[in-house]
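Encoded as C-alpha coordinates, the structure appears first; notes follow it.
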Amino acid sequence: MAGPDAAAPGTDAAQPGPDAGPPTGCVQGTFTARFGDLHAHTSYSDGEQTPADAFDYARNVGKLDIMVVTDHLEQVSIPMRWWNCRSQADARDAPGQFVAACGYEYASFDPLPISTGHDNVFFNSSLFNATRTDFHDFYADLAGCDSCVSQFNHPGSEATQTWNDFEYDAAADPKIAMFEFNGGGPVWDLYFAALDKGWHVSAVYNQDNHSANWGTADTHRSGFFMADLTREALKEAMLARRSFSTEDANASIRLMGQGVCWMGSRLAGVGATLSVHVEAEDQDATESWTTLELFGPGKTPLGSQSCAAGATCAADFQVALTGGTYVVARATQADGEVLVSAPLWAVP
(Lines give C-alpha, C1' and ligand atoms only; values in the text may rest on other atoms or scores of the structure.)
Protein backbone atom coordinates (compact mmCIF):
# COMPACT_ATOMS: atom_id res chain seq x y z
CA MET A 1 0.00 0.00 0.00
CA ALA A 2 1.28 3.42 -0.90
CA GLY A 3 1.11 6.33 1.50
CA PRO A 4 2.65 7.53 4.74
CA ASP A 5 1.79 4.53 6.88
CA ALA A 6 3.22 1.87 4.58
CA ALA A 7 6.16 -0.20 5.76
CA ALA A 8 8.64 -2.08 3.59
CA PRO A 9 7.43 -5.60 2.71
CA GLY A 10 9.16 -8.31 4.63
CA THR A 11 9.80 -6.20 7.73
CA ASP A 12 10.78 -8.55 10.55
CA ALA A 13 8.87 -7.83 13.75
CA ALA A 14 8.47 -9.86 16.89
CA GLN A 15 5.00 -10.35 18.34
CA PRO A 16 4.51 -8.28 21.53
CA GLY A 17 4.12 -10.24 24.73
CA PRO A 18 0.80 -10.58 26.57
CA ASP A 19 1.60 -7.70 28.95
CA ALA A 20 2.80 -5.27 26.31
CA GLY A 21 -0.49 -3.34 26.29
CA PRO A 22 -2.21 -1.91 23.21
CA PRO A 23 -0.05 -0.84 20.28
CA THR A 24 0.81 2.76 19.53
CA GLY A 25 -2.04 4.65 17.87
CA CYS A 26 -4.76 2.57 19.49
CA VAL A 27 -7.94 4.62 20.04
CA GLN A 28 -9.98 3.22 22.92
CA GLY A 29 -13.25 4.33 24.44
CA THR A 30 -16.97 3.80 24.77
CA PHE A 31 -18.92 5.11 21.81
CA THR A 32 -22.54 4.94 20.65
CA ALA A 33 -23.71 4.46 17.06
CA ARG A 34 -25.43 7.57 15.68
CA PHE A 35 -27.02 8.02 12.27
CA GLY A 36 -27.10 11.03 9.98
CA ASP A 37 -27.01 12.66 6.57
CA LEU A 38 -23.95 14.77 5.70
CA HIS A 39 -24.89 15.81 2.16
CA ALA A 40 -28.11 17.68 1.42
CA HIS A 41 -29.30 20.70 -0.52
CA THR A 42 -31.99 23.34 -0.05
CA SER A 43 -33.27 26.32 -2.07
CA TYR A 44 -30.01 28.03 -1.10
CA SER A 45 -28.58 26.10 -4.07
CA ASP A 46 -30.47 23.56 -6.22
CA GLY A 47 -32.79 21.99 -3.66
CA GLU A 48 -36.06 22.92 -1.99
CA GLN A 49 -37.20 24.95 1.02
CA THR A 50 -34.81 26.34 3.67
CA PRO A 51 -32.11 24.88 5.90
CA ALA A 52 -34.49 25.32 8.85
CA ASP A 53 -37.03 23.15 7.04
CA ALA A 54 -34.34 20.54 6.38
CA PHE A 55 -33.29 20.37 10.03
CA ASP A 56 -36.87 20.14 11.30
CA TYR A 57 -37.85 17.49 8.78
CA ALA A 58 -34.70 15.40 9.29
CA ARG A 59 -35.21 15.35 13.05
CA ASN A 60 -38.96 14.96 13.31
CA VAL A 61 -39.82 12.92 10.20
CA GLY A 62 -36.53 11.38 9.07
CA LYS A 63 -35.64 10.47 12.68
CA LEU A 64 -31.98 11.32 12.11
CA ASP A 65 -29.50 12.07 14.89
CA ILE A 66 -27.38 14.31 12.63
CA MET A 67 -28.27 16.62 9.74
CA VAL A 68 -25.72 18.69 7.81
CA VAL A 69 -26.94 20.97 5.03
CA THR A 70 -24.32 21.34 2.29
CA ASP A 71 -25.47 23.68 -0.44
CA HIS A 72 -23.17 24.35 -3.39
CA LEU A 73 -20.31 26.73 -2.64
CA GLU A 74 -20.85 28.94 -5.67
CA GLN A 75 -24.54 29.45 -4.74
CA VAL A 76 -24.31 29.65 -0.97
CA SER A 77 -21.72 32.41 -1.55
CA ILE A 78 -24.60 34.74 -2.51
CA PRO A 79 -24.75 37.35 0.28
CA MET A 80 -26.52 36.26 3.47
CA ARG A 81 -27.16 32.64 2.43
CA TRP A 82 -24.17 31.21 4.30
CA TRP A 83 -24.86 33.36 7.36
CA ASN A 84 -28.55 32.41 7.30
CA CYS A 85 -27.79 28.69 7.04
CA ARG A 86 -25.47 28.80 10.02
CA SER A 87 -27.95 30.88 12.03
CA GLN A 88 -30.73 28.39 11.34
CA ALA A 89 -28.45 25.48 12.26
CA ASP A 90 -27.46 27.14 15.54
CA ALA A 91 -31.14 27.61 16.43
CA ARG A 92 -31.89 23.92 15.89
CA ASP A 93 -28.73 22.30 17.21
CA ALA A 94 -29.66 20.53 20.45
CA PRO A 95 -26.65 18.97 22.22
CA GLY A 96 -27.48 15.49 23.45
CA GLN A 97 -30.57 15.29 21.21
CA PHE A 98 -29.81 16.41 17.65
CA VAL A 99 -26.83 17.76 15.72
CA ALA A 100 -27.60 20.46 13.15
CA ALA A 101 -24.81 22.07 11.11
CA CYS A 102 -24.00 23.67 7.76
CA GLY A 103 -21.21 22.83 5.36
CA TYR A 104 -20.82 23.39 1.65
CA GLU A 105 -20.08 21.40 -1.50
CA TYR A 106 -17.09 22.27 -3.67
CA ALA A 107 -16.92 21.18 -7.31
CA SER A 108 -13.77 21.18 -9.43
CA PHE A 109 -13.95 22.06 -13.12
CA ASP A 110 -10.65 21.63 -14.88
CA PRO A 111 -11.12 22.19 -17.72
CA LEU A 112 -14.71 23.44 -17.88
CA PRO A 113 -17.21 21.79 -17.94
CA ILE A 114 -15.46 18.58 -16.82
CA SER A 115 -15.42 17.92 -13.07
CA THR A 116 -12.62 15.96 -11.44
CA GLY A 117 -14.68 15.59 -8.28
CA HIS A 118 -16.92 17.09 -5.62
CA ASP A 119 -16.12 17.45 -1.93
CA ASN A 120 -18.07 18.57 1.14
CA VAL A 121 -16.35 20.90 3.60
CA PHE A 122 -17.42 20.82 7.26
CA PHE A 123 -16.64 22.91 10.36
CA ASN A 124 -15.37 25.97 8.52
CA SER A 125 -16.93 29.26 9.62
CA SER A 126 -15.98 30.94 6.34
CA LEU A 127 -16.32 30.05 2.67
CA PHE A 128 -13.54 28.97 0.33
CA ASN A 129 -12.93 30.81 -2.93
CA ALA A 130 -15.71 29.58 -5.23
CA THR A 131 -13.66 30.26 -8.37
CA ARG A 132 -11.00 27.65 -7.68
CA THR A 133 -11.48 25.22 -10.56
CA ASP A 134 -8.31 23.13 -10.12
CA PHE A 135 -8.69 20.60 -7.33
CA HIS A 136 -5.01 21.02 -6.41
CA ASP A 137 -5.81 24.61 -5.35
CA PHE A 138 -8.76 23.29 -3.36
CA TYR A 139 -6.48 20.78 -1.63
CA ALA A 140 -4.16 23.63 -0.69
CA ASP A 141 -7.11 25.54 0.79
CA LEU A 142 -8.09 22.46 2.82
CA ALA A 143 -4.55 21.91 4.07
CA GLY A 144 -4.41 25.52 5.25
CA CYS A 145 -7.72 25.37 7.11
CA ASP A 146 -7.15 24.43 10.76
CA SER A 147 -10.82 23.69 11.50
CA CYS A 148 -11.85 21.91 8.29
CA VAL A 149 -12.89 18.30 7.80
CA SER A 150 -14.11 17.05 4.42
CA GLN A 151 -15.20 14.05 2.37
CA PHE A 152 -14.99 12.73 -1.18
CA ASN A 153 -18.52 13.14 -2.62
CA HIS A 154 -20.21 10.46 -4.78
CA PRO A 155 -16.95 9.15 -6.33
CA GLY A 156 -17.42 7.84 -9.84
CA SER A 157 -20.89 9.29 -10.33
CA GLU A 158 -19.34 10.56 -13.56
CA ALA A 159 -16.37 8.84 -15.15
CA THR A 160 -14.05 11.78 -14.49
CA GLN A 161 -15.03 12.24 -10.84
CA THR A 162 -12.23 10.26 -9.25
CA TRP A 163 -9.89 13.15 -8.32
CA ASN A 164 -7.42 12.14 -11.03
CA ASP A 165 -7.55 8.49 -9.97
CA PHE A 166 -7.25 9.56 -6.33
CA GLU A 167 -3.93 11.28 -6.79
CA TYR A 168 -2.48 11.35 -3.28
CA ASP A 169 -1.83 14.64 -1.49
CA ALA A 170 -0.10 14.27 1.88
CA ALA A 171 -1.06 17.77 3.03
CA ALA A 172 -4.77 17.25 2.27
CA ASP A 173 -4.93 13.69 3.62
CA PRO A 174 -5.53 14.70 7.28
CA LYS A 175 -8.51 16.85 6.19
CA ILE A 176 -10.27 14.43 3.82
CA ALA A 177 -11.69 11.97 6.30
CA MET A 178 -14.61 10.26 4.58
CA PHE A 179 -15.65 8.58 1.33
CA GLU A 180 -19.28 8.52 0.19
CA PHE A 181 -20.81 5.24 -0.97
CA ASN A 182 -23.73 6.99 -2.67
CA GLY A 183 -23.64 8.31 -6.20
CA GLY A 184 -24.03 5.39 -8.59
CA GLY A 185 -20.41 4.78 -9.53
CA PRO A 186 -18.39 1.59 -8.88
CA VAL A 187 -17.92 2.81 -5.33
CA TRP A 188 -16.74 -0.45 -3.73
CA ASP A 189 -13.84 -0.68 -6.19
CA LEU A 190 -13.09 3.05 -5.98
CA TYR A 191 -12.94 2.89 -2.19
CA PHE A 192 -10.02 0.49 -2.37
CA ALA A 193 -8.45 2.53 -5.16
CA ALA A 194 -8.38 5.54 -2.79
CA LEU A 195 -7.13 3.51 0.17
CA ASP A 196 -4.42 1.88 -1.92
CA LYS A 197 -3.16 5.32 -2.95
CA GLY A 198 -2.68 6.16 0.73
CA TRP A 199 -5.83 8.15 1.59
CA HIS A 200 -7.10 7.68 5.14
CA VAL A 201 -10.83 7.75 4.45
CA SER A 202 -13.71 5.97 6.17
CA ALA A 203 -17.03 4.92 4.65
CA VAL A 204 -20.23 6.99 4.84
CA TYR A 205 -23.54 6.89 2.94
CA ASN A 206 -25.49 10.11 2.33
CA GLN A 207 -28.67 11.00 0.49
CA ASP A 208 -27.54 14.08 -1.47
CA ASN A 209 -31.08 15.42 -1.19
CA HIS A 210 -32.39 17.84 -3.82
CA SER A 211 -36.01 17.48 -2.69
CA ALA A 212 -37.70 18.02 0.67
CA ASN A 213 -37.06 14.44 1.81
CA TRP A 214 -34.14 14.74 4.22
CA GLY A 215 -33.82 11.37 5.94
CA THR A 216 -36.74 9.79 4.09
CA ALA A 217 -35.35 9.62 0.54
CA ASP A 218 -34.13 6.12 1.42
CA THR A 219 -32.85 4.14 4.40
CA HIS A 220 -29.19 4.89 3.70
CA ARG A 221 -27.23 6.56 6.49
CA SER A 222 -23.82 7.76 7.56
CA GLY A 223 -23.05 6.08 10.84
CA PHE A 224 -20.66 7.38 13.48
CA PHE A 225 -19.54 5.95 16.80
CA MET A 226 -19.60 9.04 19.00
CA ALA A 227 -18.85 9.85 22.64
CA ASP A 228 -21.99 12.00 22.81
CA LEU A 229 -24.42 13.67 20.44
CA THR A 230 -22.78 17.06 19.85
CA ARG A 231 -21.04 18.87 17.02
CA GLU A 232 -17.74 18.49 18.84
CA ALA A 233 -18.18 14.72 19.16
CA LEU A 234 -19.16 14.47 15.49
CA LYS A 235 -16.00 16.29 14.45
CA GLU A 236 -13.89 14.07 16.69
CA ALA A 237 -15.45 10.92 15.19
CA MET A 238 -14.87 12.24 11.67
CA LEU A 239 -11.21 13.00 12.33
CA ALA A 240 -10.79 9.62 14.04
CA ARG A 241 -12.28 7.92 10.97
CA ARG A 242 -14.82 6.17 13.21
CA SER A 243 -17.65 6.01 10.69
CA PHE A 244 -19.49 3.41 8.66
CA SER A 245 -21.74 3.20 5.61
CA THR A 246 -25.13 1.56 6.06
CA GLU A 247 -28.02 0.86 3.71
CA ASP A 248 -30.20 0.06 6.73
CA ALA A 249 -31.55 2.97 8.77
CA ASN A 250 -30.57 1.59 12.18
CA ALA A 251 -27.92 -1.08 11.61
CA SER A 252 -24.26 -0.65 12.54
CA ILE A 253 -20.91 -2.33 11.98
CA ARG A 254 -17.79 -1.97 14.07
CA LEU A 255 -14.30 -3.30 13.54
CA MET A 256 -11.83 -3.60 16.43
CA GLY A 257 -8.12 -4.43 16.40
CA GLN A 258 -6.23 -6.25 19.14
CA GLY A 259 -9.45 -6.41 21.15
CA VAL A 260 -9.64 -2.75 22.20
CA CYS A 261 -8.57 -0.53 19.27
CA TRP A 262 -11.38 1.11 17.33
CA MET A 263 -11.57 1.15 13.54
CA GLY A 264 -9.89 4.27 12.26
CA SER A 265 -6.89 3.67 14.51
CA ARG A 266 -3.43 3.67 12.92
CA LEU A 267 -1.58 1.01 14.84
CA ALA A 268 2.17 0.65 15.07
CA GLY A 269 4.12 -2.02 16.91
CA VAL A 270 1.40 -4.63 16.41
CA GLY A 271 3.75 -7.55 15.87
CA ALA A 272 3.37 -10.42 13.43
CA THR A 273 -0.39 -10.83 13.76
CA LEU A 274 -3.30 -8.40 13.80
CA SER A 275 -6.36 -9.68 15.66
CA VAL A 276 -9.59 -8.33 14.20
CA HIS A 277 -13.07 -8.48 15.68
CA VAL A 278 -16.07 -7.51 13.54
CA GLU A 279 -19.60 -7.13 14.84
CA ALA A 280 -22.77 -6.12 12.99
CA GLU A 281 -25.99 -5.27 14.79
CA ASP A 282 -29.49 -4.19 13.80
CA GLN A 283 -31.86 -2.48 16.23
CA ASP A 284 -34.77 -4.35 14.60
CA ALA A 285 -35.05 -7.86 16.03
CA THR A 286 -36.71 -9.06 12.83
CA GLU A 287 -33.62 -8.33 10.72
CA SER A 288 -30.92 -10.96 10.16
CA TRP A 289 -27.42 -11.20 8.71
CA THR A 290 -25.96 -13.55 6.11
CA THR A 291 -22.22 -12.80 5.91
CA LEU A 292 -19.34 -10.90 7.49
CA GLU A 293 -16.29 -10.40 5.27
CA LEU A 294 -12.82 -8.92 5.77
CA PHE A 295 -10.72 -7.36 3.01
CA GLY A 296 -7.21 -5.95 2.68
CA PRO A 297 -5.30 -3.84 0.13
CA GLY A 298 -6.32 -4.37 -3.46
CA LYS A 299 -9.74 -5.60 -2.26
CA THR A 300 -8.04 -8.88 -1.27
CA PRO A 301 -10.39 -11.22 0.67
CA LEU A 302 -8.93 -12.05 4.07
CA GLY A 303 -11.76 -14.15 5.46
CA SER A 304 -15.50 -14.51 5.79
CA GLN A 305 -18.04 -15.96 8.16
CA SER A 306 -21.63 -17.02 7.59
CA CYS A 307 -24.12 -15.63 10.06
CA ALA A 308 -26.97 -17.51 11.66
CA ALA A 309 -30.34 -15.76 11.63
CA GLY A 310 -30.40 -13.01 14.24
CA ALA A 311 -30.06 -9.30 14.80
CA THR A 312 -26.34 -9.57 15.67
CA CYS A 313 -23.42 -11.30 13.98
CA ALA A 314 -19.78 -11.34 15.11
CA ALA A 315 -16.57 -12.81 13.73
CA ASP A 316 -12.87 -12.91 14.63
CA PHE A 317 -10.01 -12.94 12.14
CA GLN A 318 -6.23 -13.22 12.39
CA VAL A 319 -4.25 -11.25 9.80
CA ALA A 320 -0.55 -11.95 9.28
CA LEU A 321 1.51 -8.76 9.02
CA THR A 322 4.67 -8.55 6.92
CA GLY A 323 4.42 -4.80 6.37
CA GLY A 324 1.98 -1.93 6.52
CA THR A 325 -1.61 -2.82 5.68
CA TYR A 326 -5.24 -1.96 6.33
CA VAL A 327 -8.40 -4.02 6.76
CA VAL A 328 -12.04 -3.21 5.94
CA ALA A 329 -15.14 -5.19 6.92
CA ARG A 330 -18.39 -5.65 5.03
CA ALA A 331 -21.64 -7.05 6.41
CA THR A 332 -24.61 -8.23 4.34
CA GLN A 333 -28.15 -8.62 5.61
CA ALA A 334 -30.69 -11.20 4.53
CA ASP A 335 -32.58 -8.53 2.57
CA GLY A 336 -29.39 -7.67 0.64
CA GLU A 337 -28.59 -4.40 2.42
CA VAL A 338 -24.86 -3.83 2.92
CA LEU A 339 -22.76 -2.11 5.58
CA VAL A 340 -19.09 -1.13 5.23
CA SER A 341 -16.78 -0.34 8.13
CA ALA A 342 -14.03 2.20 8.45
CA PRO A 343 -10.55 0.78 7.87
CA LEU A 344 -8.07 -0.10 10.56
CA TRP A 345 -4.46 0.59 9.59
CA ALA A 346 -1.55 -1.40 11.05
CA VAL A 347 2.20 -1.90 10.81
CA PRO A 348 4.14 -4.62 12.63
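Along the sequence shown, the residues carry numbers beginning at 1.
A side-chain donor-acceptor contact under 3.5 Å links Thr290 to the backbone of Thr332. Trp345 contributes no side-chain N or O that, together with a main-chain N or O of Thr325, makes up a donor-acceptor pair within less than 3.5 Å. Without hydrogens or angle criteria, Ser265 side chain to Val27 main chain gives a donor-acceptor distance under 3.5 Å. Of the possible donor and acceptor atoms, one in the side chain of Asp71 sits under 3.5 Å from a partner among the backbone N and O of Thr42. Under a 3.5 Å cut-off, the side chain of Asp284 and the backbone N or O of Thr286 do not form any donor-acceptor pair. Listed for the Asp196 side chain is a donor-acceptor partner under 3.5 Å among the backbone atoms of Gly298. In this structure a side-chain-to-backbone donor-acceptor pair under 3.5 Å is present from Asp65 to Phe35. For His277 (side chain) and Ser275 (main-chain N/O), no donor-acceptor pair under 3.5 Å exists by modelled atom type. For Asp134 (side chain) and His136 (main-chain N/O), a donor-acceptor pair under 3.5 Å exists by modelled atom type. Side-chain atoms of Ser77 come within 3.5 Å of backbone N or O of Leu73 as a donor-acceptor pair.
Between Thr116 and Asp110, the side chains place a donor N or O and an acceptor N or O closer than 3.5 Å (distance only, hydrogens not considered). Checking Gln88 against Asp90 by side-chain atom types alone, no donor-acceptor pair falls below 3.5 Å. A donor-acceptor pair shorter than 3.5 Å can be found between the side chains of Tyr57 and Thr216. The closest side-chain donor-acceptor pair between His200 and Asp173 falls under 3.5 angstrom. Side-chain polar atoms of Asn206 and His220 form no donor-acceptor pair below 3.5 angstrom. A side-chain donor-acceptor contact under 3.5 Å links His118 and Glu105. Using a 3.5 Å distance cut-off with no hydrogens or angles, the side chains of Asp248 and Thr246 do not pair a donor with an acceptor.
The side chain to side chain donor-acceptor pair (under 3.5 Å) test applied to Ser150 returns Asp119, not counting sequence neighbours. Residues passing the side chain to side chain donor-acceptor pair (under 3.5 Å) test with Lys63: none are found, sequence neighbours excluded.
Placement of Phe31 and Val278 within a single hydrophobic cluster is found when ILVMFWY residues are connected by side-chain heavy-atom separations under 4.5 Å, directly or transitively.
For Phe166 and Phe179, the distance between ring centers is under 6.0 angstrom. For Phe225 and Phe244, the ring centers sit closer than 6.0 Å to each other.
A cation-pi contact links Arg330 to Trp188, judged by a cut-off of 6.0 Å to the six-membered ring centre and 45° from its axis.
In plain terms, the two heavy atoms of Val201 and Tyr191 that are nearest each other are O-OH, 3.2 Å.
Just one of Ser243, Ser341, Ser245, Ser222 meets the side-chain hydrogen bond (donor to acceptor under 3.5 Å, both in side chains) condition when paired with Ser202; it is Ser243. Just one of Tyr168, Phe128, Trp199, Phe152 meets the ring pair (Phe, Tyr, Trp, His ring centres under 6.0 Å) condition when paired with Tyr139; it is Trp199.
Classification of the Phe138-Tyr106 ring pair by plane angle, with boundaries at 30° and 60°, yields parallel.
A salt bridge is absent between Lys175 and Asp146; no separation between the charged side-chain nitrogens and carboxylate oxygens falls under 4.0 Å. Taking 4.0 Å as the cut-off between side-chain N and carboxylate O, Asp37 and Arg221 do not count as a salt-bridged pair. Ion pairing between Glu281 and Arg254 fails under the 4.0 Å rule for side-chain N and carboxylate O.
Inter-residue side-chain proximity for Asp46 and His72 is flagged as met; some heavy-atom pair is nearer than 4.5 Å.
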